[in-house]
Amino acid sequence: MTTPPTSLERNAPRGARIVGTGSDLPEEIRTNHDLTRTLDTSDEWIRSRTGIGARRIAGKGDKTSDMARRAAQRALESAGLTGRDLDMIVVATVTPDRPLPSTASLVHHQLGARIDCAAFDLAAACGGFCYGLSLARAQIESGMARHVLVVGVELLSRIVDWTDRGTCVLFGDGAGAVVLGPTESSAGGRLLSTALGVDGSLTESLTVLAGGSEEPTSAETVASGRHYVKMNGQEVFKAAVRYLSEVSARALEQAGITADGIDWVVPHQANSRILEAVASRLGIPNERMFLNLERYGNTSSASIPIALDEAVRSGVIRPGQHLLFCALGAGVAFGAAVVRW
Ligand code: COA
């Protein structure tokens, strides 16, 4: 379906558009059946509760920056640009190579970016990619930057407790990236709206307790497993349904588009039951959700750009279609965006 530009597109003198996408996924596939060898769980339990069938696990030698760089290079290649064209690099991650320097600095160096190109990590957990998009859009629309790289990357396999069946079955590793640039027309990939939010009363529902200033890493924190992800699944589930619906509705309203006008929702791939509930609240049929969580699980900030790259390269998403991105994670931080492809 090809539609004419919205009034918002016509009126905005300078817009931001996605000019390239890329992704990187580890080769190792760990299926639900594989997990049953060491965990008291089953393929049936995991699939029926979450929709997940397998996840990718990064090789021992691979770091977050390696996957980020590969995804970024593919995004730059598809945009016909190089690292030297970038004015800003945003790496959304909660699993950086090290607490410092930022993973974005490592990626900056590996891409050969200019010294006057800014680079930093963004910590908004699974919401990180939407936060990065919003920031990139503001930089480009204000004229402060021309090309911005936004990467979502996670090696969650390094921070989950592989003996905790309530959390480890959900997560996987991966990286996705987009390059954004300016547009003064209704050219494809234009960001029509971005909406963000946080409910800080729910910080305890998804957290890593130790390793920060509150509880520095010690032999004791490691022995008690406080450096691993802890989650209250039901609290997160309820928050996700509520806030993904709310922030998506806000993004739709700001873009001047109704749910009927959305061709594809490319959501954060957390859980198919959460997404079905969100689709029903928004009045969008399930068939318009682009899902790949069956194969990759929840890759946090990487899940939307991985899904977007897959949908674009396979021709599922076509020029002129309207897309809705929405994500929520620890914080709980959430965000959404509407894009005209
Ligand atoms: N395999 C088998 N049984 C499991 C299990 C697993 N992998 N994980 C938990 N269980 C068990 C629990 O121990 C519990 O057993 P009990 O009744 O004997 O105590 C039972 O299943 C029910 O546990 P509960 O936590 O109530 O399950 P649930 O229906 O809430 O489903 C989630 C758990 C995690 C799948 C669900 O809460 C969820 O998806 N939440 C959202 C999580 C999410 O998406 N987080 C990331 C957001 S970015």
Side-chain angles (χ1 to χ4, degrees), residues 30-36 39-56 125-130 152 154 156 160 164-174 197 199 202 204-207 229-252 259 262 264-304 306-308 310-311 316 323-336:
R30 197 169 292 174
T31 65
N32 293 345
H33 288 294
D34 293 334
L35 295 180
T36 62
L39 276 179
D40 180 13
T41 189
S42 66
D43 179 56
E44 197 280 327
W45 193 96
I46 302 170
R47 271 182 200 275
S48 61
R49 295 292 210 294
T50 69
I52 297 167
R55 68 284 299 141
R56 298 294 179 97
C126 303
F129 181 70
C130 288
E154 301 293 359
L156 295 167
V160 295
D164 175 8
R165 65 180 182 173
T167 54
C168 73
V169 302
L170 303 175
F171 299 106
D173 300 337
D199 183 345
L202 295 174
E204 297 306 304
S205 62
L206 185 49
T207 185
V229 171
K230 304 275 185 265
M231 184 181 70
N232 180 330
Q234 290 184 8
E235 247 175 49
V236 175
F237 194 104
K238 281 186 217 144
V241 173
R242 174 179 171 192
Y243 290 122
L244 286 174
S245 311
E246 187 268 335
V247 77
S248 297
R250 241 191 305 144
L252 287 170
I262 294 297
W264 287 106
V265 183
V266 184
H268 168 45
Q269 313 275 321
N271 177 310
S272 51
R273 287 191 304 146
I274 291 175
L275 296 172
E276 277 164 27
V278 172
S280 140
R281 284 190 178 203
L282 291 174
I284 296 179
N286 280 331
E287 307 81 71
R288 279 196 239 150
M289 290 261 169
F290 184 85
L291 298 184
N292 61 12
L293 89 167
E294 197 273 330
R295 284 173 286 137
Y296 305 137
N298 178 346
T299 57
S300 187
S301 61
S303 80
I304 292 177
I306 290 172
L308 177 67
E310 204 168 283
V316 168
L323 316 181
L324 170 68
F325 304 152
C326 56
L328 171 140
V332 292
F334 43 89

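Hydrogens, waters and symmetry mates are skipped; everything else that's a heavy atom, side chains included, is used.
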Trainee: Just verifying a value: how many Å separate Ser301 OG and His268 NE2, rounded to the nearest 0.5 Å?
Mentor: 9.0 Å

Trainee: Nearest 0.5 Å please: distance from the CZ atom of Phe129 over to the CD1 atom of Ile304.
Mentor: 6.5 Å

Trainee: Can any side-chain N or O of Asn32 pair as donor or acceptor with the backbone N or O of Ile52 at less than 3.5 Å?
Mentor: yes

Trainee: Mind checking whether Leu328 and Val247 have side chains closer than 4.5 Å, heavy atoms only?
Mentor: no

Trainee: Which pairs with one or both residues in residues 237-247 pass salt bridge (Lys or Arg N to Asp or Glu O under 4.0 Å), sequence neighbours excluded?
Mentor: Glu246-Arg250

Trainee: Between atom OG of Ser205 and atom CD of Gln234, what is the distance when rounded to the nearest 0.5 Å?
Mentor: 12.5 Å

Trainee: Restricting to non-hydrogen atoms, name the atom on Ala327 and the atom on Cys126 that form the minimum distance, rounded to 0.1 Å.
Mentor: CB-O, 3.5 Å

Trainee: Locate the shortest heavy-atom distance separating Pro267 from Met289; write the atom from each residue and the value.
Mentor: CG-SD, 3.9 Å

Trainee: The test is side-chain contact (heavy atoms from CB on, under 4.5 Å); show your working for Leu308 and Leu323 and say whether it passes.
Mentor: CA-CA 10 Å; Leu308 177 67; Leu323 316 181; 3.9 Å; yes

Trainee: Would you say the side-chain atoms of Arg165 pair up with the backbone N or O of Asp40, donor to acceptor, closer than 3.5 Å?
Mentor: yes

Trainee: First locate atom OG of Ser245, then atom CZ of Phe334, and finally report the distance between them rounded to the nearest 0.5 Å.
Mentor: 11.0 Å

Trainee: Tell me the closest heavy-atom pair linking Leu202 and Ala239, and the distance in Å.
Mentor: CD1-CB, 3.7 Å

Trainee: Would you please test Glu204 and Lys230 for salt bridge (Lys or Arg N to Asp or Glu O under 4.0 Å) and show each step?
Mentor: CA-CA 9 Å; Glu204 297 306 304; Lys230 304 275 185 265; over 6 Å; no

Trainee: Go through it in stages, so that I can follow the logic: the residues are Thr41 and Ile46, the test is side-chain contact (heavy atoms from CB on, under 4.5 Å), and I'd like the CA-CA distance, side-chain angles, deciding distance and then a yes or no.
Mentor: CA-CA 8 Å; Thr41 189; Ile46 302 170; 3.6 Å; yes

Trainee: For residues 270-283, which residue pairs pass the side-chain hydrogen bond (donor to acceptor under 3.5 Å, both in side chains) check, not counting sequence neighbours?
Mentor: none

Trainee: Could you report the tightest heavy-atom contact between Ala336 and Leu324, atom names first, then the distance?
Mentor: CB-CD1, 4.5 Å

Trainee: Look at the side chain of Arg288 and the backbone N and O of Ile262, then say whether any donor-acceptor pair between them is shorter than 3.5 Å.
Mentor: yes

Trainee: Using 30° and 60° as the class boundaries, would you call the ring planes of Phe290 and Trp264 parallel, tilted or perpendicular?
Mentor: perpendicular

Trainee: If you measure from CZ on Phe171 to CE on Met231, what distance do you get to the nearest 0.5 Å?
Mentor: 5.5 Å

Trainee: For Arg55 and Leu170, indicate whether the former's side chain and the latter's backbone hold a donor-acceptor pair under 3.5 Å.
Mentor: no

Trainee: Begin with the C-alpha distance, continue with both residues' side-chain angles, and end with the deciding distance and a verdict on side-chain contact (heavy atoms from CB on, under 4.5 Å) for Val169 and Leu39.
Mentor: CA-CA 9 Å; Val169 302; Leu39 276 179; 4.1 Å; yes

Trainee: Are the side chain of Gln269 and the backbone of Ser303 linked by a donor-acceptor contact shorter than 3.5 Å?
Mentor: no

Trainee: Would you kindly say whether Thr299 and Glu154 are connected by a side-chain donor-acceptor distance under 3.5 Å?
Mentor: no

Trainee: Report yes if the side chains of Val229 and Leu156 come closer than 4.5 Å at any heavy-atom pair, otherwise no.
Mentor: no

Trainee: Give, for atom CG of Asn298 and atom OG1 of Thr50, the distance between the pair rounded to the nearest 0.5 Å.
Mentor: 9.5 Å

Trainee: Tell me the closest heavy-atom pair linking Ala125 and Gly329, and the distance in Å.
Mentor: CB-C, 4.4 Å

Trainee: Tell me the closest heavy-atom pair linking Cys326 and Leu244, and the distance in Å.
Mentor: C-CD2, 3.8 Å

